[in-house]
Amino acid sequence: MADVDQPLAQEHSLDRDCTTLSRHVLQQLQSFSAEAQDLSAIMNRIALAAKLISRRLSRAGLVEGALGFTGTVNVQGESVKKMDTYANDVFISVFKQSGLVCRMASEEMDKPYYLPENCPIGRYTLLYDPIDGSSNVDINLNVGAIFAIRKQEGNDSDCDACDLLQQGHEQIAAGYVLYGPSTMLVYSIGTGVHAFVLDPSLGEFILASENIQVPDHGPVYSTNEGNFWQWEESIRDYIRYVHRHEGYTARYSGALVGDFHRILFQGGVFLYPGTLKKPEGKLRLLYESAPLAFLIEQAGGRASTGVKRILDVVPDALHARTPLIIGSTEDVNLVESFIQDRARASQEAVVASS
Ligand code: AHM
Ligand code: MG
């Protein structure tokens, strides 16, 4: 009898005790201070942007002008999708006149976007990728959004966005939204990593998993092997290793958020290394790599360029790119060990020839 009753009891308590995102932020901070209220309000606005974007994505195939390209090219040299522009504008509109965020910077904007009406009250900066994995949009596969919140410090009166060029460990919060079969929001304010699912009937993100820990090792390696001959030999060594050893499997969706989400929950490693043409790789430090690095460290994993902790990298430009190796500690260590082996071998070769 007890076995039959148990699932029902759990279902009822979940229904009754559901924790919303803004309540969760306040619980995590254990405070009702102005700063805690600000962070809770910022997360609430991000959630609102996610709901609006989720609604548009879920009907994109039925709505005139939702899919396809705008015909323009962004600062990264990439063709802009209509959904990229829509999502970027949604983030801006939810933070206008919010009194929260003073400055916003995204993949889709050449320069930071100023919200002077929020300054000096709004003391925060939002860095974001409004649609991550845009190539998946038109074929109805998973996409995401990535965000980071930083304290707004200094100004850029004598330089180009230099006040935003800080190391990742300066982030005070980070997270992502995954638009998949359900819409999920995963975030950290430095007190662990927590996942929420959008309940469309309530229009609220409800707590689904708290204090997520990435396994120390996982079977998945996630990378675009089409770049194999563009990589350094050390990365090819690693790939040859996983091909020749049992227990590894490849998964790659073309959207970083989806691939990262799998690894966060099940373990493994995601790699986007540098290539011959682009030694710095493809992914952007401030609004892609650094926020996910913040999350993975909070979950007990690691994020590296191959030779340096991602959170210690100082960006030299707003849209700076960096190689990214991120996931379970043992798997990131393994990739790094191949990089170190090759570096040692080439140093020895230099010494021997001199
Ligand atoms: P985007 O933000 O413009 O979509 O670009 C980032 C995406 C990541 O989501 C994904 O991991 C990567 O680019 C895929 O790149 P590639 O097609 O070179 O494998
Ligand atoms: Mg992206």
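Residue indices begin at 1 and follow the sequence shown. We count ligands from 1, going down the list as the structure has it; atoms in each ligand are counted the same way. Note that the coordinates shown come from a computational prediction; the quantities given were computed from them, not determined experimentally.
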Salt bridge or not for Glu108 and Lys81, using N-O below 4.0 Å?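 Judged by the 4.0 Å cut-off on N to carboxylate O distance, Glu108 and Lys81 do not form a salt bridge.
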Whether Asp237 and Arg342 form a salt bridge (side-chain N of Lys/Arg under 4.0 Å from carboxylate O of Asp/Glu) is what I want to check.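 Salt bridge between Arg342 and Asp237, a charged N being under 4.0 Å from a carboxylate O: yes.
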Look only at the side chain of [X] and the backbone of [Y], and say whether a donor-acceptor pair between them is shorter than 3.5 Å.
X	Y	answer
Ser134	Met83	no
Ser328	Gly268	yes
Asp129	Tyr287	no

Under a 4.0 Å heavy-atom limit, does [X] contact ligand 1 with its side chain, its backbone, both, or neither?
X	answer
Arg284	side chain
Asn227	neither
Phe270	side chain

Would you mind running through ligand 1 and noting each atom that sits below 4.0 Å from a heavy atom of [X]?
X	answer
Glu78	3 (O)
Glu107	1 (P), 2 (O), 3 (O)
Asp132	2 (O), 4 (O), 6 (C), 8 (C), 9 (O)
Ser134	4 (O)
Glu288	2 (O), 6 (C)
Asn224	16 (P), 18 (O), 19 (O)
Gly133	1 (P), 2 (O), 4 (O), 9 (O)
Tyr252	11 (O), 12 (C), 14 (C), 15 (O), 16 (P), 19 (O)

Side-chain donor-acceptor contact under 3.5 Å, His243 with Tyr248: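 Side-chain D/A pair, His243 to Tyr248: absent.
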Relative to each other, are the rings of Phe196 and Tyr187 parallel, tilted or perpendicular (30° and 60° limits)?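 Tilted, since the angle between the ring planes falls between 30° and 60°.
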Classify the ring geometry of Phe265 against His261: parallel below 30°, tilted from 30° to 60°, perpendicular beyond 60°.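 The rings of Phe265 and His261 sit tilted, inter-plane angle from 30° to 60°.
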Do any nitrogen or oxygen atoms of [X] lie less than 3.5 angstrom from nitrogen or oxygen atoms of ligand 1?
X	answer
Asp259	no
Ala255	no
Ser135	no

Contact between Ile326 and Ile263 at the side-chain level, heavy atoms closer than 4.5 Å - yes or no?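 No, every pair of side-chain atoms sits at 4.5 Å or beyond.
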Quick check on side-chain hydrogen bond (donor to acceptor under 3.5 Å, both in side chains): which of Arg150, Gln152, Arg103, Lys151 does Thr125 satisfy it with?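 Single side-chain hydrogen bond (donor to acceptor under 3.5 Å, both in side chains) partner of Thr125 among Arg150, Gln152, Arg103, Lys151: Gln152.
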With atom 9 (O) of ligand 1 as the reference point, say which of Thr223, Leu256, Ile146 has the nearest heavy atom.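 It is Leu256 that holds the nearest heavy atom.
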